[in-house]
Amino acid sequence: SDQDIAKIFCELDDDGDKMLSFEEFSEIIDSRNPREVDDCELRAKFKDFDTDGSGKLSPAELKAAFADLEIDMSDGVLDQIIDASDKDGDDKISCPEFLKAWSGR
């Protein structure tokens, strides 16, 4: 749930600045158990985040998704997340890229 995700982010905010650094975000990705979240749940969450229905998450949509979870992300950290996930170089995260980032596949 959104509350569970927000709780995890708060727990991983190591320096307590209410912002996640790229390193803190990477720790989340590296420590998750992909078996705990199935593709159906991830696809549904992606669809929620994709507010314009384009099939891709723009930096603004990603920032809004984090804001909805009450997670403050700097533009620099968002750029790093997109760079790490965006495999086709369009500066957006597609659903397959989103699934791959979370599942490690």
Side-chain angles (χ1 to χ4, degrees):
S1 75
D2 289 351
Q3 292 169 340
D4 293 333
I5 293 169
K7 182 179 176 186
I8 291 168
F9 277 93
C10 289
E11 288 172 1
L12 291 173
D13 179 19
D14 293 333
D15 56 13
D17 64 355
K18 296 188 180 182
M19 292 186 69
L20 290 182
S21 67
F22 184 70
E23 290 77 22
E24 290 167 333
F25 179 80
S26 295
E27 184 178 325
I28 293 166
I29 298 298
D30 293 341
S31 68
R32 90 260 176 248
N33 181 350
R35 291 187 175 99
E36 291 177 1
V37 181
D38 64 28
D39 278 0
C40 185
E41 285 179 276
L42 288 173
R43 287 177 194 280
K45 191 50 67 181
F46 180 88
K47 189 175 179 180
D48 289 344
F49 294 161
D50 181 20
T51 56
D52 68 2
S54 68
K56 297 195 174 210
L57 299 180
S58 68
E61 287 172 319
L62 193 58
K63 186 167 189 147
F66 283 117
D68 286 346
L69 297 170
E70 298 182 11
I71 299 164
D72 191 12
M73 285 268 187
S74 72
D75 290 341
V77 172
L78 285 170
D79 289 342
Q80 288 179 307
I81 292 168
I82 291 169
D83 288 345
S85 302
D86 175 29
K87 301 304 179 195
D88 63 8
D90 66 355
D91 293 325
K92 296 181 181 180
I93 299 175
S94 67
C95 190
E97 291 167 340
F98 182 80
L99 295 172
K100 185 172 183 169
W102 278 101
S103 69
R105 288 183 247 153

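Predicted model only: the values in this text are computed from it and were never measured.
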Exercise. Could you go through the side-chain contact (heavy atoms from CB on, under 4.5 Å) check for V77 and Q80 one step at a time?
Key: CA-CA 5 Å; V77 172; Q80 288 179 307; 4.3 Å; yes
Quiz item: Looking at C95, P96, S94, which hits side-chain contact (heavy atoms from CB on, under 4.5 Å) with F46?
Solution: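 Exactly one candidate clears the test, C95.
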Quiz item: In terms of heavy-atom contacts, does NZ of K56 have more than 12 from other residues, nucleotides or ligands at under 6.0 Å?
Solution: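 More than 12 heavy atoms, drawn from other residues, nucleotides or ligands, come within 6.0 Å of this atom.
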Enter the distance from [X]:[atom1] to [Y]:[atom2] here, rounded to the nearest 0.5 Å.
| X | Y | atom1 | atom2 | result |
| --- | --- | --- | --- | --- |
| D72 | F66 | CG | CZ | 11.0 Å |
| D90 | I82 | CG | CD1 | 9.5 Å |
| K63 | S74 | NZ | OG | 7.5 Å |
| L42 | K100 | CG | NZ | 15.0 Å |
| L57 | D86 | CG | CG | 11.0 Å |

Quiz prompt | Nearest heavy atoms of L78 and P59, plus distance in Å | solution =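 Taking every non-hydrogen atom into account, CD1-O, 4.4 Å.
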Practice problem: Could you tell me whether the side chain of I81 reaches within less than 4.5 Å of the side chain of M73, counting heavy atoms only? | Solution: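 Of all side-chain heavy-atom pairs linking I81 with M73, at least one is under 4.5 Å.
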Quiz item: Got a salt bridge between D48 and K45, using NZ or NE/NH1/NH2 to carboxylate O under 4.0 Å?
Solution: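 Result for this pair is yes, salt bridge flagged.
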Self-check item: N/O donor-acceptor pair under 3.5 Å between E61 side chain and T51 backbone
Solution: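 Such a contact is found between E61 side chain and T51 backbone.
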Quiz item: Okay, side chain of K92, backbone of G89: is any donor-acceptor separation there less than 3.5 Å?
Solution: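 No; judged by distance alone, with no hydrogens or angles, the pair does not exist.
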